Amino acid sequence: MDANARFSAVPAVDGARVNSFVFLEKSARHRPDGLALLQGEERITYREFRDRALAIGGNLRAAGCQPGDRVAFCLANSPRIMEVIFGCFAAGLVVVPVNARLHAREMAYIVDNSGAKVLIHGQEYQDGIAANAALFANVQRYCTGTATGAQPFGGLLQPENALPAAVEAAPQDLCWLFYTSGTTGKPKGAMWNHRMVKCVIMNYLADLHNIQPGEMVLHCAPMSHGSGIVALPAVARGAVNAITETASFDVDSLLATVERLKVSHIAFMAPTQIVKVLEDHVPGRHDLSSLKAICYGGAPIHVGQLRQAIATFGPVFVQLYGQGEAPMTITGMSSARHAQLLATDDPRIGSAGQVRTDVEAHCVDQNDNPLPPGKAGEVVARGDVVMPGYWNNPEASTEALRGGWLHTGDIGYFDEEGYLFLLDRAKDMVISGGNNVYPREVEEVIILHPAVANCVVFGIPDDYWGEAVHAVVVPKPGVTLSAEDVIAFCGEYMAGYKKPKAVDFVDELPVSGYGKILRREMREKYWEGHVGRIGGGSAKAQVK
Ligand code: AMP
């Protein structure tokens with residue numbers, strides 16, 4: 001018998017139907033009594049987690065949801081988030097996480113845009129929902145507390161409706177709509193399918209941090225975003241997902257929790273949270289020796305701050321670069337690579353690392369031609385982790401995915417060894433006197449000034465230059481610092497056209513619900529009454 005004939009007898013595995021629920025199912029089988037979810041006094045084992053998810057899936061089906069229907073949730077961090085996500089997977093539903101810090105009207109936009117049949121929310125949103133009742137008239141609501149017009153969350157746990165097992169799902173079946181956190185414009189729903197979820201999990205374990213069964217993973221950032229996504233590989237490996245209790249980010253209680261629970265992995269921190277930890281922590285107060293990994297990303301961290309963070313907490317930082325359209329998975333840098341680059345004083349410590357195992361990426365010019373190493377252009381990526389498009393938005397999907405590559409809107413360049421240096425979002429680049437200035441380059445220098453705690457740079461209108469480079473600086477407490485000091489300091493490191501023309505001082509920088517500095521919002525104030533690049537130009541127009 002020839003080899004081909006033998007193989008043709010094997011049933012085809014192409015198009016295998018694998019529901020992402022299998023990752024929880026397996027951990028429930030391997031570690032049924034192992035702790036899965038932990039918050040305060042609440043402890044849920046993997047067996048209980050699976051059973052609760054199957055109950056939620058079954059009760060959502062009993063409430064009228066059919067496979068493919070959307071279920072939104074707007075919940076402060078709690079075990080309920082993971083139960084709802086896996087409950088939706090089990091029932092073949094599409095989960096729509098909403099940032100718990102959004103205004104009720106912003107929440108309503110996402111509920112409406114996604115066509116969600118069900119909204120699961122916390123009691124704290126009741127007033128906002130009541131004040132905008134008409135916007136929520138078409139969605140069935142469940143509340144984790146008590147709320148008028150909503151059924152209790154407990155109704156979703158009735159055992160008699162529980163699914164016996166997860167439904168079958170094909171790799172291309174949608175399971176998640178990730179609404180972009182966009183600091184301007186309406187958010188768009190990046191569609192995720194089961195294949196993408198599998199890639200997110202496998203890529204995380206392969207490239208970033210190999211989570212082990214029983215490992216203590218702490219969530220202190222919104223689980224509707226990065227932290228909830230890191231929870232997926234943690235569930236797949238049967239780790240403990242511990243969730244901090246305070247809604248606000250309190251550094252001392254965070255570090256006390258790390259000590260008490262012997263946390264080995266902080267799932268996700270935005271750079272602004274890392275900076276806050278550096279500012280507020282009391283050296284030596286807590287034993288942090290259990291920490292092996294702190295995953296960060298979602299926005300640039302300045303090299304000076306990263307060095308300080310590693311000096312304070314050790315070589316535990318793990319960086320990821322991605323976006324909702326290619327969840328957390330374009331480039332990355334493991335903690336070992338951070339340590340190696342630091343040890344040799346290699347400037348690539350300031351990069352976003354190298355392209356992830358299962359992804360292809362490079363930079364392109366304004367005509368989508370690939371650029372050689374060292375040339376700046378828009379970062380494009382492709383691979384199984386890239387979304388098939390935006391929900392109900394074919395124009396934006398076609399534009400973002402033209403030529404089969406995801407156009408990230410981020411400007412950067414790769415070096416000879418494939419390290420990605422991100423410069424900025426295309427929309428944030430300043431064009432001053434015809435020269436491109438990347439705000440991040442200027443910020444990297446300002447942050448080195450010993451009297452500077454934080455800063456942000458953007459372009460403001462200028463009659464002569466078109467746009468002038470402008471810095472907003474947060475000085476360290478108790479120091480005096482003038483605009484001239486900052487500008488002169490920049491002059492020691494950079495070409496004249498890149499130096500800020502003016503500097504404003506503030507006590508703190510505004511940040512989004514996901515910890516991103518609201519650079520565009522700050523900039524817009526300076527552009528009021530001017531025509532031109534409010535909100536920036538298109539990536540295509542600006543890439544040089
Ligand atoms: P989101 O879709 O909300 O996760 O935002 C994705 C955007 O955040 C990316 O397109 C980048 O502009 C930015 N971003 C994500 N990770 C990093 C990183 N490691 N360094 C710099 N910027 C990042």
Side-chain angles (χ1 to χ4, degrees), residues 97-99 101-102 110 176-192 196 200 204 207-208 221-230 268-275 294-303 305-306 309 317-334 337-338 348-356 359 361 363 378-381 385-387 390 396 400 406-414 419-429 438-441 443-444 456 511-520 536 539:
V98 181
N99 177 358
R101 300 197 185 138
L102 292 189
I110 293 176
W176 192 305
L177 292 184
F178 179 100
Y179 275 81
T180 52
S181 55
T183 43
T184 53
K186 293 282 187 205
K188 298 189 285 286
M191 298 189 284
W192 298 5
M196 290 168 70
V200 167
Y204 191 87
D207 293 343
L208 295 182
M223 294 179 79
S224 54
H225 197 251
S227 216
I229 301 168
V230 176
F268 188 79
M269 274 176 132
T272 45
Q273 288 179 311
I274 295 178
V275 171
I294 299 178
C295 183
Y296 71 96
I301 186 161
H302 300 299
V303 181
Q305 291 165 335
L306 178 60
F317 287 87
V318 175
Q319 186 186 184
L320 52 84
Y321 158 62
Q323 52 181 202
E325 293 82 345
M328 321 249 286
T329 318
I330 298 177
T331 64
M333 197 193 285
S334 65
R337 188 52 58 89
H338 275 83
R348 290 179 294 187
I349 188 74
S351 75
Q354 291 168 304
V355 178
R356 304 280 295 279
V359 183
C363 293
E378 185 174 7
V379 180
V380 297
V385 79
V386 170
M387 64 163 189
Y390 295 110
L406 169 68
H407 289 67
T408 60
D410 291 317
I411 302 293
Y413 63 91
F414 284 94
Y419 282 85
L420 172 63
F421 287 82
L422 285 168
L423 293 162
D424 265 296
R425 300 285 300 162
K427 290 180 176 180
D428 292 336
M429 195 172 65
Y438 298 104
R440 186 168 175 196
E441 261 185 297
E443 290 165 6
E444 290 285 6
V456 67
V511 290
S512 75
Y514 289 138
K516 298 188 195 229
I517 293 172
L518 293 170
R519 191 207 312 254
R520 260 168 262 163

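All values derive from a computational prediction rather than experimental measurement. Counting convention: from 1, in listed order, for ligands and their atoms alike.
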Quick one: look at R425 and ligand 1, take heavy-atom pairs under 4.0 Å, and tell me if it's side chain, backbone, both or neither. side chain
For ligand 1, is any non-hydrogen atom under 4.0 Å from A352's backbone (N, CA, C, O), its side chain (CB onward), both, or neither?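 Neither; nothing of A352 gets under 4.0 Å from ligand 1.
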Gap separating the CD atom of E443 from the NE2 atom of H302, nearest 0.5 angstrom: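 NE2 of H302 is found 4.5 Å from CD of E443.
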Can you check whether G298 has an N/O within less than 3.5 Å of an N/O in ligand 1?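 N/O-N/O distance below 3.5 Å exists for this pair.
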Are any of the N/O atoms in T408 less than 3.5 Å from those in ligand 1?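 Min N/O separation from ligand 1 is not below 3.5 Å for T408.
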Out of all atoms in ligand 1, which are within 4.0 Å of some heavy atom of [X]? Include the element for each.
X: L422; result: 20 (N), 21 (C), 22 (N)
X: K516; result: 1 (P), 3 (O), 4 (O), 5 (O), 6 (C), 7 (C), 8 (O)
X: Q319; result: 18 (C), 19 (N), 20 (N)

If we ignore hydrogens and angles and just use 3.5 Å, is the side chain of [X] paired with the main-chain N or O of [Y] as donor and acceptor?
X: Q273; Y: G515; value: no
X: R348; Y: L420; value: no
X: K516; Y: G298; value: yes

Tell me, with the steps shown, if M328 and V230 meet side-chain contact (heavy atoms from CB on, under 4.5 Å). CA-CA 9 Å; M328 321 249 286; V230 176; 3.5 Å; yes
What's the verdict on side-chain contact (heavy atoms from CB on, under 4.5 Å) for N99 and H225, showing C-alpha distance, side-chain angles and the deciding distance? CA-CA 7 Å; N99 177 358; H225 197 251; over 6 Å; no
Do the rings of W192 and W176 sit parallel, tilted or perpendicular, given the 30° and 60° boundaries?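 Parallel.
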With a cutoff of 4.0 Å, is [X] in contact with ligand 1, counting heavy atoms of the residue only?
X: L320; value: yes
X: H225; value: yes
X: G226; value: no
X: T180; value: no

Evaluating non-hydrogen atoms only, which member of G412, A270, A299 is closest to atom 22 (N) of ligand 1?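 Minimum heavy-atom distance to atom 22 (N) of ligand 1 goes to A299.
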Would you check if R519 and R425 make a side-chain contact, meaning some heavy-atom pair closer than 4.5 Å?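 R519 vs R425: side chains apart.
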